[in-house]
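Worth knowing before you read on, the calculation uses all heavy atoms, side chains too, and leaves out hydrogens, waters and symmetry mates. A, B, ... follow the sequence lines: proteins, then strands. Residue 1 opens every chain.
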Amino acid sequence: MFVEINKIKKSYGEGESYVQVLKGLSTYVEKGQTCVILGPSGSGKSTFLNAIGGLDDIESGSINIDSLEITKLNSKELSLYRREYLGFIFQFYNLVPNLTVKENIQVCEYLTKEPLDLNELMDILGLTEHQNKFPSQLSGGQQQRCAIARALIKNPKLLLCDEPTGALDYKAAKEILILLEAINKKYGTTMLIVSHNTAIKDMVHRVIKIKDGQISEDYFNTSLIPASQLEW
Amino acid sequence: MILNKRILRELKDNWVRYSALAFLIIISIGLVVSQAGSSDAIFYTLDTNNEKNQLEDGEFSVYVPFTTTQVQELSNKGAKIEDAFYMDLPGIDDSILRVFKNRENINTVQLDGGRLAEKTDEIVLEKHYVENFGVNIGGTITVNQKEYTVTGIGSSPDYINVLQNVSDVLSDFNKFSIAFVTEEEFNQLMQKDTTIEYNYSYKITGDLTDSELKDYLVDMDFDETAVTNKYMREIIDEIEKGKKDLSGGVNKLVDGTQSLADGTRSLADGTGSLANGASELTAGTSELASGTDSLTAGLEELQANNGTINKAADEIFQALLAQANSEFEKMGAGVIVTSDNYSTVINALISSIDPSDSASILTLNTLKGQLDGYKAFKDGLQTYTSGVESAYTGSLELSEGADTVNEGSMELAKGVNILNSGTAKLNSGTTELNSGMGEFQSEVSKFITDNMDYQYVNLITFSEAQDSQRITICRNDAATMKYAALMAGLIIITLLAYMISVFMIHTIDKESTVIGALYAMGYVKKELRNHFMILPMVIVSLASILGTVIGFLLVGGNIEMSSAVYYSYPFYTMVYPPYLLAYGILLPIFIAFIVNYIVIDKKLSMAPLKLLRREKKQHKLANVDLKNMGFINRYRIRQLLREIRGNITMFFGLFIAILLMMLGFCIYGSVDSYVNNTTKDVKYDYLYILKYPPKTAPVDSYKAYSKPLSAYLDLTGGDMDVTLQGIDDANPYFDFSLEGDKKEVRISDSVADKFGYRVGDQIILNDKLEDRSYSFTVKEIVNFASGLYIFMDIKDMRDVFDQEDDYYNTLMSDHELAIEDGRIDTVITVNEMIEASKQMYSVLSGTIFAIVGASIILFVIVMYLLLKMMIDKSTFSISLIKVFGYNEKEVKKLYLGSAFYTVVITAIIAIPVSKMIVNKVYPYLVSYVSAGMGANLSPLLYLFIVGIIFISYLIVNFMAGRHLKKISLVEILKDRE
Ligand SMILES: Nc1ncnc2c1ncn2[C@@H]1O[C@H](COP(=O)(O)OP(=O)(O)OP(=O)(O)O)[C@@H](O)[C@H]1O
Ligand SMILES: [Mg+2]
């Protein structure tokens with residue numbers, strides 16, 4: 001298994017404000033799969049994703065990525081793990097405001113020895129014409145595409161997306177989803193996508209639903225609907 | 001690293017902020033480097049000048065110039081000396097020119113231009129005097145009614161600070177400077193002038209110490225008859241006369257005792273004669289006695305023979321009687337005759353014989369006749385012997401009488417003898433007295449030579465170069481300025497480095513989600529830290545390099561505008577000391593690196609998730625309960641607390657600005673109060689310090705006794721000159737009482753300030769020339785701003801310094817006194833004093849403007865940058881609040897109001913605290929000024945400071961207000977939180 005998650009528990013706060021967010025979650029994702037994580041707000045989706053990304057630590061359980069037990073890593077090792085394996089896409093694009101599109105992508109190109117072809121990637125993501133613009137000069141969808149390019153440039157083995165379309169309108173959101181799909185096809189990137197958009201469930205290999213810190217549903221799609229045909 | 005591309009854009013986007021910061025760094029380092037660099041250039045210039053022109057090790061003045069032998073003697077001792085005689089002559093306007101002859105080996109003149117005087121009508125002038133009166137080389141100047149051609153302009157290493165009197169607080173080129181003429185001309189001037197000072201400069205060549213040299217000079221013989229100064233001559237003559245009078249008196253006394261001795265000797269002689277007479281008498285009576293003795297002896301001999309005669313006569317009679325008896329027997333008369341009965345018996349016999357028997361009768365008669373005759377002889381003999389006896393007795397008596405006479409005369413002689421020995425004792429007494437008188441006389445003359453001779457110590461003044469205000473103060477000033485600048489620079493650089501880090505934190509905060517995202521992608525802290533360090537380091541490096549370069553470029557102007565205006569030394573030589581390059585360039589970089597590294601590293605150590613979520617550590621203070629406040633105030637305070645880091649930074653920045661401002665104003669205030677108090681405290685108009693006080697002081701003047709002494713000053717670790725002034729209770733110019741013990745003094749507040757003395761303190765005043773120290777007790781602190789004065793009762797002072805009961809050397813008056821010039825050492829008129837003290841304004845105005853100006857710039861920039869930063873941070877909420885419908889004015893109130901609180905709080909704390917700091921620091925800055933200059937700040941100046949703070953705040957408020965206005969409603973859409 002590429003991603004193996006075993007009984008992870010996570011809680012916040014103490015006393016009255018104590019809240020158990022992840023209550024012993026276990027699951028796995030195989031290499032090259034796309035996976036959507038669905039669930040109501042506050043159910044712990046982001047927490048789960050962040051734990052896999054090594055951004056948040058867990059209380060118990062194990063997270064094994066490509067046979068690497070990341071719960072045992074210190075922050076420096078975690079950085080290197082992220083550097084080697086991960087791409088991140090956030091709801092808010094978090095681009096470096098005073099770098100151009102191209103430069104923003106280059107920032108992450110720097111992190112690997114074997115980056116993807118920058119121009120090709122920009123082409124795929126339709127950023128070539130915007131490559132010299134600053135984020136503030138882009139629409140939300142364009143910014144998100146840039147963020148995706150930034151996340152993909154280092155050809156991550158695992159792409160973690162937290163509400164990648166959350167801030168976008170239908171059209172822009174759809175474009176992003178089409179891109180993600182294309183990328184998975186082209187580069188075989190394993191993807192974990194957190195979303196409120198239930199429509200996504202039909203375009204991914206795997207659907208995990210979280211409720212109250214537990215996995216309430218976990219299934220594989222037998223047939224996939226192309227992103228372009230999704231409606232919501 | 002591609003990320004670094006954002007740096008330039010960050011710089012471009014925030015160019016106001018970064019250029020303002022860079023500007024602050026540049027001006028602070030520029031000012032500090034220019035100040036320290038000026039000081040170093042001055043040091044170097046002075047040092048090379050001192051070496052090149054053979055700065056003296058010290059100088060001294062004497063009454064009688066040395067003979068060549070004496071000069072040689074001193075040279076052998078290890079002190080090379082050169083005469084630097086001078087006289088103060090009237091120059092341009094009312095100025096005085098101190099004229100020297102050209103120097104040869106010590107303190108040689110450094111010419112800025114031209115050449116030394118070569119002819120008798122040529123002169124070299126001091127550079128500032130020349131500037132002041134607009135004289136040029138080749139021009140002419142009238143000195144002492146003689147016209148000279150100016151051949152050169154320069155300075156002399158022993159008159160860097162061109163003070164007429166070493167005790168002067170300030171020089172004044174309108175009043176005094178120095179000039180040099182040829183030796184020939186000088187000798188001619190000397191012929192005319194009586195007020196020449198025989199001053200010598202020395203350089204120690206052997207292993208002699210300065211104080212050994214001084215002692216040697218004190219002991220050195222000299223010919224006091226060669227003293228030429230008229231007034232000194234008077235004094236010497238008087239002393240000589242006194243000495244003569246004294247020894248004359250002693251001589252008379254000696255003569256008197258001599259006469260006494262002579263008298264007693266005559267008396268002794270008289271009694272001697274008397275004794276002789278008595279002796280003779282005794283001898284006469286003695287002869288008499290011995291005559292009578294001889295007589296007696298004769299008579300005694302006679303008397304002794306009496307017995308023999310009488311015995312013989314008796315024996316003859318007895319024989320006659322025996323014959324008669326035998327006859328009678330034969331006759332059968334049967335009678336026996338004795339000497340007593342012979343006549344009767346014979347007569348009875350005769351009668352018994354027949355008358356006829358004539359023959360028998362006849363025979364009997366014959367016998368009887370014979371016996372009778374013999375008996376008569378015998379009786380005669382008896383009479384004779386008893387006569388002899390009586391004569392003997394008589395002569396015995398005579399002899400006895402003569403003896404008595406003799407005895408009498410002997411007693412008389414004895415009496416005479418006692419008398420005589422009495423006289424002899426008297427005589428020896430007077431002889432002793434006489435010889436004692438001789439001793440006394442020699443004692444007196446010894447006393448005169450031993451003690452009254454010290455008046456004739458040839459040495460008048462002695463001063464080591466290191467103690468001379470003329471030589472050292474420029475350097476000391478520069479040193480003080482240098483260390484003050486370096487210290488202030490350090491503080492400001494640290495502040496600015498911290499400010500930069502605050503902006504970096506602001507940037508990091510602003511981009512915190514981006515940073516979180518980068519972390520999420522696998523960036524490590526080191527990479528981001530390195531990235532965020534670049535901008536501050538580049539700014540600081542460039543600014544400090546630029547600041548240092550500008551600083552060095554400003555050195556010249558700085559020197560030309562301050563030190564060189566006031567002090568007289570050759571054109572400066574630029575130096576680039578490595579330490580200063582390190583200070584100007586490396587130190588800011590180092591400080592900025594440390595501060596930013598710590599701050600940025602800490603900031604970047606936050607968990608990526610926290611950065612992504614913009615989680616900020618809410619300060620505890622931000623949760624403070626503000627229920628009871630109005631909305632606006634509550635909002636402001638919340639804003640203030642939310643931006644507590646920015647506000648604390650602002651506090652420190654403004655604090656330093658206010659501290660600088662305070663320093664600037666205190667410098668002004670101290671000069672101002674010095675000038676004002678001088679005007680107020682000095683109530684006489686003329687003060688004459690006399691070298692040779694006349695016997696009787698002019699009427700309408702008040703006598704005082706001034707003595708230059710020195711006291712140890714902690715601040716400089718050296719001695720500072722003070723004037724001890726003995727005044728009279730009747731002196732109208734001082735309104736304090738002089739009551740107290742002999743060793744109690746009143747110190748001026750100026751002295752109290754300078755030395756930190758308090759009432760009841762024991763103070764030690766040193767007389768360097770005499771190598772003596774005096775201790776006094778501070779009885780009271782009195783108001784007297786001018787110079788450094790300590791007052792005491794003139795009577796006590798005369799006592800302490802062994803002066804006569806009417807001694808004085810100072811006169812105070814409300815008008816000019818008619819005193820011969822030659823008697824005067826210094827005249828100080830209050831107007832001149834005030835003029836001189838006012839000079840301080842111009843001397844220090846540059847410094848004051850620089851400091852106050854820098855403080856305002858610092859204030860405005862620091863406040864503006866931080867306020868702007870806080871506004872930037874709150875863009876979203878400001879935009880939001882605008883959206884809510886608050887108008888510009890209200891937004892301003894809410895967001896700039898917190899800064900107002902900070903300014904008010906800072907001002908309330910910083911004004912008193914910085915005053916306290918300046919109070920502590922200021923004495924060091926003026927430690928070499930020989931006046932007590934406190935960091936005084938009048939209420940008006942306080943108001944000024946408050947006013948400047950307020951106006952600066954308004955300016956910033958206005959600028960920030962414009963910035964606020966620019967925040968559009970759409971920010972809320974762009975930015976999200
Ligand atoms: N740092 C935190 N401190 C305390 N509680 C937290 C923290 N982060 C998350 N939580 C809580 O954990 C729970 C899960 O949060 P999480 O962000 O994982 O939910 P989510 O499923 O992603 O919700 P949404 O769809 O709204 O993003 C929530 O109840 C949230 O309040
Ligand atoms: Mg979430």
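- In this structure, the separation between CG on B/Leu3 and CD on A/Gln106 is 11.5 Å, given to the nearest 0.5 Å.
- Contacts of B/Glu511 with chain A are made by side-chain atoms alone, with heavy-atom separations under 4.5 Å and no backbone atom involved.
- Atom-to-atom distance recorded for B/Arg613:CZ and A/Leu55:CG is 9.5 Å, nearest 0.5 angstrom.
- To the nearest 0.5 Å, atoms CZ (A/Arg82) and CG (B/Leu518) are separated by 11.0 Å.
- Of the two parts of A/Tyr110, only the side chain, counted from C-beta on, holds a non-hydrogen atom closer than 4.5 Å to a non-hydrogen atom of chain B.
- Counting non-hydrogen atoms of neighbouring residues, nucleotides and ligands closer than 6.0 angstrom, the NZ atom of B/Lys525 exceeds 12 such neighbours.
- Heavy-atom pairs under 4.5 Å with chain B peak, among A/Leu111, A/Thr100, A/Leu160, at A/Leu111.
- Checking each of B/Arg9, B/Lys12, B/Lys5 against A/Asn98 for a side chain to side chain contact (heavy atoms under 4.5 Å, CB included) leaves exactly one that passes, namely B/Arg9.
- Neither the backbone nor the side chain of B/Asn4 comes within less than 4.5 Å of any heavy atom of chain A.
- Residue B/Ala607 does not touch chain A at all, counting heavy-atom pairs closer than 4.5 Å.
- Interface remark: A/Leu95 contributes backbone atoms only to the contact with chain B (heavy atom separation under 4.5 Å).
- More than 12 heavy atoms of other shown residues, nucleotides or ligands fall within 6.0 angstrom of atom OH in A/Tyr12.
- By the 6.0 Å contact criterion, CZ on B/Phe590 is open, its count of non-hydrogen atoms from other residues, nucleotides or ligands being 12 or less.
- B/Arg6 CZ to A/Asn104 CG: the interatomic distance, rounded to the nearest 0.5 Å, is 10.5 Å.
- Contact count versus chain B (heavy atoms, under 4.5 Å) is highest, among A/Glu84, A/Lys154, A/Lys76, for A/Lys154.
- Interface check for chain B: of the options A/Tyr93, A/Tyr81, A/Phe88, the most heavy-atom pairs under 4.5 Å are formed by A/Phe88.
- For the atom pair OG (A/Ser79) and OH (B/Tyr519), the distance works out to 7.5 Å, reported to the nearest 0.5 Å.
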